[in-house]
Amino acid sequence: RLNATSMSKLFDLMVMGVKYQVLACKFPEELVQTTHNHLNTIKELISPTSTVTQTIQEVKALFDSKYQDFNQYEFIIVRQTLLKFFQEKHVKVSLFIQENIQGING
């Protein structure tokens with residue numbers, strides 16, 4: 001188990017990873033594929049017999065039903081809202097700094 005400090009650092013690392021992925025989307029519609037990738041990865045990490053697998057499938061279905069009829073403008077609004085949320089998140093990630101993805105200031 002992780003202690004509170006380690007869990008907080010892990011959360012910050014995941015937030016910065018998602019921030020990078022949102023920024024890397026060339027088209028707002030790519031957010032759907034990014035979300036599907038995250039859900040599929042979670043599904044791969046857990047036991048196929050787990051009840052979480054069914055929950056992930058339900059989340060994917062709800063997600064798809066919500067966003068399937070979005071037009072480009074609506075996806076732009078979603079992306080802008082996410083970017084606004086991430087705007088104040090500045091956590092240095094050594095791997096991002098080494099790869100020149102992130103500046104020294106986070």
Side-chain angles (χ1 to χ4, degrees):
R1 292 202 174 245
L2 295 175
N3 63 29
T5 302
S6 295
M7 187 62 82
S8 178
K9 288 180 182 180
L10 177 60
F11 179 78
D12 287 342
L13 179 63
M14 291 187 317
V15 165
M16 293 306 290
V18 172
K19 178 180 180 177
Y20 170 73
Q21 289 179 325
V22 171
L23 287 168
C25 289
K26 293 180 182 167
F27 304 100
E29 297 87 348
E30 291 177 7
L31 293 171
V32 172
Q33 186 59 45
T34 300
T35 302
H36 278 204
N37 289 345
H38 289 179
L39 292 171
N40 289 335
T41 301
I42 292 169
K43 193 172 158 186
E44 290 172 8
L45 293 172
I46 59 175
S47 169
T49 59
S50 171
T51 58
V52 177
T53 302
Q54 180 60 33
T55 303
I56 291 171
Q57 284 303 116
E58 291 170 10
V59 167
K60 283 177 76 172
L62 287 169
F63 180 80
D64 288 341
S65 70
K66 175 70 176 173
Y67 293 103
Q68 69 184 353
D69 295 327
F70 267 36
N71 60 39
Q72 189 172 20
Y73 174 76
E74 290 168 311
F75 279 115
I76 290 170
I77 296 300
V78 170
R79 184 173 187 267
Q80 296 235 330
T81 302
L82 288 169
L83 292 174
K84 186 176 180 181
F85 169 78
F86 289 126
Q87 186 174 4
E88 300 303 318
K89 309 291 185 196
H90 301 284
V91 177
K92 293 179 186 178
V93 178
S94 59
L95 182 63
F96 289 171
I97 294 170
Q98 290 170 5
E99 298 293 323
N100 292 322
I101 294 170
Q102 184 181 46
I104 240 21
N105 61 350

Query raised in the report: Donor-acceptor pair, S6 side chain versus N3 backbone, under 3.5 Å?
Result: no

Report task. Would you give the length of the straight line joining atom OG1 of T55 to atom CG of L39, rounded to the nearest 0.5 angstrom? Result -> 11.5 Å

Report task. First locate atom NE2 of H36, then atom NZ of K60, and finally report the distance between them rounded to the nearest 0.5 Å. Result -> 6.0 Å

**Report entry** Heavy-atom pair of closest approach, residues T53 and K43
**Finding:** CG2-CE, 3.9 Å

Query raised in the report: Can you tell me how far CD of Q21 sits from CD of E30, rounded to the nearest 0.5 angstrom?
Result: 11.0 Å

Query raised in the report: Can V22 be reached from I77 by stepping across I, L, V, M, F, W or Y side chains whose heavy atoms are under 4.5 Å apart?
Result: no

Query raised in the report: Counting only N and O atoms by type, is there a donor-acceptor contact under 3.5 Å from the side chain of S8 to the main-chain atoms of A4?
Result: no

Query raised in the report: Would I76 end up clustered with L82 when hydrophobic side chains under 4.5 Å apart are linked, directly or stepwise?
Result: no

Query raised in the report: Can you name the side chain to side chain donor-acceptor pair (under 3.5 Å) partners of S47, sequence neighbours left out?
Result: T49

Report summary line: For Y67 and F75, the nearest pair of non-hydrogen atoms, with its separation, is O-CZ, 3.7 Å

Query raised in the report: Around atom CD of E58, are there more than 12 heavy atoms of other residues, nucleotides or ligands at under 6.0 Å?
Result: yes

**Report entry** Within one Ile-Leu-Val-Met-Phe-Trp-Tyr cluster: I42 and V32, side-chain cutoff 4.5 Å
**Finding:** no

Query raised in the report: Which value, rounded to the nearest 0.5 Å, describes the distance between D12 atom CG and K19 atom NZ?
Result: 11.5 Å

Report task. Could you list the residues that satisfy ring-ring contact (aromatic ring centres under 6.0 Å, His included) with F27, not counting sequence neighbours? Result -> none

Query raised in the report: N37 and T34: side-chain donor and acceptor closer than 3.5 Å?
Result: no

Query - Same apolar cluster (I L V M F W Y, side chains within < 4.5 Å links), F63/V52 - result: no

Query raised in the report: Backbone N or O of T51 within a donor-acceptor pair of the Q54 side chain at under 3.5 Å?
Result: no

Query - Spatial distance of atom NE2 (H38) from atom CD (Q33) [nearest 0.5 Å] - result: 10.5 Å

Requested in this report: Examine L31 and F86 and state if one hydrophobic cluster contains both, with Ile, Leu, Val, Met, Phe, Trp and Tyr joined whenever side-chain heavy atoms are less than 4.5 Å apart.
Outcome: yes

Query raised in the report: Nearest 0.5 Å, what's the SG-CG distance between C25 and L83?
Result: 9.0 Å

